[in-house]
Protein chains: 2
Amino acid sequence: MEQAAVVDLTAVVVAVTQDQPRVLVTPGQGRASAADRRMARAELGSAALDALPSGPLEHRHRTLEAGLRAWVEAQTGTRLDYVEQLYTFGDRDRMSSGPGRSRVLSIGYLALAQEAGSALAGDALWHDWYRYFPWEDWRRGRPAVLDRVEKPLRRWAGAGDTRAERTARKERAIVAFGLDGTAWSDERVLERYELLYEIGLVAEARRDGLAGEGRAVDALQEGQPMAADHRRILATAIARLRGKIKYRPVVFELMPAGFTLLQLQRAVEALAGVRLHKQNFRRLVEQQGLVEETGHIITATGGRPAREVRFREEVVLERLAPGLRLPIARASE
Amino acid sequence: MEQAAVVDLTAVVVAVTQDQPRVLVTPGQGRASAADRRMARAELGSAALDALPSGPLEHRHRTLEAGLRAWVEAQTGTRLDYVEQLYTFGDRDRMSSGPGRSRVLSIGYLALAQEAGSALAGDALWHDWYRYFPWEDWRRGRPAVLDRVEKPLRRWAGAGDTRAERTARKERAIVAFGLDGTAWSDERVLERYELLYEIGLVAEARRDGLAGEGRAVDALQEGQPMAADHRRILATAIARLRGKIKYRPVVFELMPAGFTLLQLQRAVEALAGVRLHKQNFRRLVEQQGLVEETGHIITATGGRPAREVRFREEVVLERLAPGLRLPIARASE
DNA sequence: CCTCGTAATGCTCAAAATGAGTATAGGAGA
DNA sequence: TCTCCTATACTCATTTTGAGCATTACGAGG
């Protein structure tokens, strides 16, 4: 009856360095499961697959989060500060191995860190996250990948069995990828990845068989794949973080003690994958009292020197308390 | 090494009826664990503890969500529509039984339903959720419970060992409960419950031993307790839902096909636990195109008849796509 | 020293979105 | 018919956005 499950803790550790969002990964080889190695051989040559730091929950771990921290530290030498649970994945067929084997549950976590000062252990390293999701970076305009993806997407939408099915698919494609003039939504990262997976446009779909649809897997394999369902977990993390920076001062976890407003803006842009209006951005940050001047002047800006600022710790108090701003009117929708 | 865990799926099924937010519960007796029964006898007389519908993940469940739906249907006769994963709890000591026993993971889910038309099976029934969280309902002003709670809260804050500890505690209490003029935040439901648990102001704390603090458990036992860690899961659900209604049109999942704007407002108020400004509320809903008139007139309003409206399904498309409103300026914080 | 290039900053302005009310309309019931 | 109780319509003063324009300052090249 009750089924014992093996629980895997997986961390998406994020940092922003040189205006690029990075994730902490370990080349998959060492920790790859049999399935991963099979995949590596069969479909992707013998290229190692990047993997997120992760490990099984053990009895010595008092809490899930403690277990996660322990694994990340052991595998990458990084001690985590900000940590937040993301989602628990547990489809019977998608990740666990053959029948009979007990189910694998993976609990994903998002951690925010700073690359500077992190002495990495072993083969762990930081990779730009857009390497895995090239279609998510709109900072220099619409990514070219989208042109390659659009046709298969529309083909899939039109291939539904019933009329209703076709409408639903088309709607899904349009909303997720902002087709036909619909606006691109930076937060739909997971939906986009899931859709590409279903259509067979990402390597993991081929590996997992994708028997469901029965359709031939497309030749296109966009973005670099990851071990196990790590790319899916990473997508979840990006989506969550992109949503969160909009209403909670979390970017600061990724910044050094002192920074300029442009540096802050670049960090947000890196995460959100879009460019922001400079003047309005600083007005927002300043008027909200999120930062205060340190008194220092940074001259290495390439232009006029900038004032150095730091995060105002007090806002955590001020801001999180008055959270009730909306109820008295906006609470609807 | 790897530890096999038993996974429990627990559902918080919410509905709003007669302006009250309800949760689907089953009197704990039947499904209570040994620990629950012990608690019931020892601390709470032989009163049965309400429990959320829940059951262990089994191999026949293809996905976690499918398992959840199956259990809810079996235990309450309710077929769920909107379902969303909340959080996975897995502290070694808090919920699982004695040492040696395998760990229990509980995955909480939030489901939105409508009480009308749900034919309940067995002993399942709908209860006002404020029965478990009396301090969360501010619709008729500041709840009286808060007066009783404030003193122990301050005593706890002042009882920290170090100065830093006392400051931290005080800050936590102030932010969570809106003391000293700080605004009350409707979304901090979980923080408030956890704090009361730590201080020993909720019955579950006494049951679980609360050895950590070593402090005498307070005599006050606010709100009705629930089986296992269900009250914590419910708190998580309320917090999530209160946050979500502010930026996603989810209230409609709780409304019948046709309704009046005041009914909608009352539903939101029931969930958020606060009163809203009527004119501004309707302006918001209308201007955002969330609803459209059905053409019917509802005369049973107790006053001037009201136009009946229904949710505009299209907004899911319109609204969720343009989600990118903020990036171009607001994306900071 | 003067001129660019590149940013940092300061300000302006019109268009929404908010927060708070005031005023009027229309049934049900006494 | 009068009264009570909402439903609806509108106003009005602020704030908050979205978009730009203009000015200021350093470093590098000439």
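Throughout, protein chains are lettered first and strands after them, A, B, ... in sequence-line order, and every chain is numbered starting at 1.
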Asker: Could you check how far CG of B:L290 sits from P of C:dA17, rounded to whole Å?
Answerer: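 Answer to the nearest Å: 13 Å.
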Asker: In whole Å, I'd like the distance from the CD atom of A:E293 to the C1' atom of C:dA8.
Answerer: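 After rounding, the reported distance stands at 12 Å.
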Asker: Under the salt bridge (Lys or Arg N to Asp or Glu O under 4.0 Å) rule, collect the residues that match up with A:R283, sequence neighbours excluded.
Answerer: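 Result, salt bridge (Lys or Arg N to Asp or Glu O under 4.0 Å) vs A:R283: none returned.
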Asker: Just to confirm, is there a sub-4.0 Å distance from OP1 or OP2 of C:dT9 to any side-chain nitrogen or oxygen of A:R307?
Answerer: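 For A:R307, the contact criterion (side-chain N or O under 4.0 Å from OP1 or OP2 of C:dT9) is met.
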Asker: B:R310: which residues meet the salt bridge (Lys or Arg N to Asp or Glu O under 4.0 Å) condition with it, sequence neighbours left out?
Answerer: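 So B:R310 forms a salt bridge (Lys or Arg N to Asp or Glu O under 4.0 Å) with B:E292.
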Asker: Can you tell me the distance, in whole Å, between the CZ atom of A:R282 and the P atom of C:dG10?
Answerer: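 It works out to 8 Å between those atoms.
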Asker: Just to verify, what does A:W126 make a ring pair (Phe, Tyr, Trp, His ring centres under 6.0 Å) with, not counting sequence neighbours?
Answerer: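 Result, ring pair (Phe, Tyr, Trp, His ring centres under 6.0 Å) vs A:W126: none returned.
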Asker: Could you tell me the separation between the CG atom of A:L284 and the P atom of D:dA19, rounded to a whole number of Å?
Answerer: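 Nearest whole value for this atom pair: 14 Å.
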Asker: What does B:L261 touch in the nucleic acid at a heavy-atom separation under 4.0 angstrom: a base, only the sugar-phosphate, or nothing?
Answerer: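 The residue B:L261 makes no contact with any strand.
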Asker: Measure the CG-CG distance between A:D19 and A:L262 for me, rounded to the nearest 0.5 Å.
Answerer: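 So the gap between those two atoms works out to 7.5 Å.
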Asker: Whether the A:E84 and A:Y82 side chains hold a donor-acceptor pair (N or O, under 3.5 Å, no angle test) is what I'd like checked.
Answerer: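 On atom types as modelled, these side chains qualify, holding a pair under 3.5 Å.
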Asker: Rounded to the nearest Å, what distance is computed from the CD atom of residue A:E286 to the C1' atom of nucleotide C:dG10?
Answerer: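 The distance from CD of A:E286 to C1' of C:dG10 comes to 10 Å, rounded to the nearest Å.
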Asker: Any donor-acceptor pair under 3.5 Å between the side chain of A:R283 and the base of C:dG10?
Answerer: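 No, the side chain and the base share no sub-3.5 Å donor-acceptor pair.
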Asker: Does B:K278 place a side-chain N or O at less than 4.0 Å from the phosphate oxygens OP1/OP2 of D:dA7?
Answerer: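 Answer is yes, contact under 4.0 Å.
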Asker: B:T260 side chain: which of D:dA7, C:dA8, C:dT18 is closest?
Answerer: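 Closest nucleotide to the B:T260 side chain: D:dA7.
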Asker: Roughly how many Å is it from CD1 in A:I298 to C1' in C:dT9, rounded to a whole number?
Answerer: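 So the two atoms are 16 Å apart, to the nearest Å.
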Asker: Under the salt bridge (Lys or Arg N to Asp or Glu O under 4.0 Å) test, which residues partner B:E115, sequence neighbours left out?
Answerer: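 Testing B:E115 for salt bridge (Lys or Arg N to Asp or Glu O under 4.0 Å), a comparison that skips the adjacent residues, returns none.
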Asker: State which residues pass salt bridge (Lys or Arg N to Asp or Glu O under 4.0 Å) with B:E286; sequence neighbours excluded, sorted by chain then number.
Answerer: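 Only B:R307 meet the salt bridge (Lys or Arg N to Asp or Glu O under 4.0 Å) criterion with B:E286.
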Asker: Spell out protein contact along nucleotides 21-28 of chain C as letters: B when the base is contacted, S when just the sugar-phosphate is, - when no protein heavy atom is under 4.0 Å; keep the 5' to 3' order.
Answerer: BB--BBS-
Asker: Send over the distance from A:F281 CZ to D:dT17 P, rounded to a whole Å.
Answerer: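 To the nearest whole Å, that distance equals 14 Å.
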